[in-house]
Amino acid sequence: MNHNPQSSEGRHDDDAALSEFLASLMDFTPTIPDELVEHYLAKSGFQCPDVRLTRLVAVATQKFVAEVANDALQHCKARQATIPKDKKDKQQKDKRLTLTMEDLSKALREYGVNVRHQEYFADSPSAGMDPATRDE
């Protein structure tokens with residue numbers, strides 16, 4: 001068995017960094033509330049009384065959502081860059097970007113999440129309602 005003093009020293013540094021990170025989670029308030037994370041962890045069958053672990057999951061979730069949102073923004077910008085010039089002139093006045101389900105679906109697909117769109121969209125607010133309750 002090879003006992004390398006540098007590897008045990010490196011492991012000690014890693015353990016110290018991990019301990020420091022876990023301690024910092026106690027002072028951190030993530031965007032996603034602990035109660036929501038605990039709800040979905042319990043729904044999946046996982047329970048842990050350690051708040052640090054709950055916050056670690058919240059931080060990982062927050063990072064995932066931020067990356068998906070950023071990727072969707074890039075898809076949105078790329079889509080708007082391909083708009084024909086005559087329509088683009090009208091949009092230059094209003095410089096806001098419009099995020100679509102298509103942009104979000106493309107971004108999620110990169111992470112292995114497939115989103116299906118509805119088969120159809122309603123033509124009127126009463127579409128899909130019980131015929132007896134419609135007042136057309």
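Just so it is clear, the values below take in all heavy atoms, side chains as well, and ignore hydrogens, waters and symmetry mates. For clarity, every value in this text was computed on a predicted model and none was experimentally measured.
Residues V65 and V37 do not share a hydrophobic cluster, defined by chaining ILVMFWY side chains whose heavy atoms lie under 4.5 Å apart. V115 and F64 fall within a single hydrophobic cluster, where Ile, Leu, Val, Met, Phe, Trp and Tyr side chains are chained together by heavy-atom contacts under 4.5 Å. Residue L36 is grouped with residue V59 when hydrophobic side chains (ILVMFWY) are merged at heavy-atom distances under 4.5 angstrom, including chains of intermediate members. Transitive grouping of hydrophobic side chains (ILVMFWY, heavy atoms separated by less than 4.5 Å) brings V57 and F46 into a common cluster.
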Could you tabulate the donor-acceptor pairs under 3.5 Å formed by side-chain atoms of residues 22-34, not counting sequence neighbours?
residue	atom	partner	partner atom	Å
S24	OG	F21	O	2.6
T31	OG1	Q62	OE1	3.4
T31	OG1	Q62	NE2	3.3
D34	OD1	R55	NE	3.4
D34	OD2	R55	NE	3.1
D34	OD2	R55	NH2	3.1

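Residues R79 and T82 approach most closely at O-OG1, 2.7 Å, considering heavy atoms. Between L97 and C76, the closest heavy-atom pair is CB-SG, 3.9 Å. Heavy atoms only, all atoms of each residue included: T98 and Q80 are closest at N-NE2, 3.6 Å. The two residues L104 and A72 have their closest heavy-atom pair at CA-CB, 4.1 Å.
Of the charged side-chain nitrogens involved, at least one lies within less than 4.0 Å of a carboxylate oxygen, so that K106 and E102 count as a salt-bridged pair.
Annotation: Y40, atom OH; neighbour count of heavy atoms from other residues, nucleotides and ligands within 6.0 Å does not exceed 12.
Going from atom CD of Q47 over to atom OG1 of T54 covers 10.5 Å, rounded to the nearest 0.5 Å. Rounded to the nearest 0.5 Å, atoms CG (L99) and NZ (K77) are 12.0 Å apart.
Considering only heavy atoms from C-beta on, E110 comes within 4.5 Å of H75 through its side chain.
Across V68, N114, D71, a single residue satisfies side chain to side chain contact (heavy atoms under 4.5 Å, CB included) together with L108, and that is V68.
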Stepwise side-chain contact (heavy atoms from CB on, under 4.5 Å) check, Q74 with N70: CA-CA 6 Å; Q74 299 311 314; N70 186 42; 3.5 Å; yes
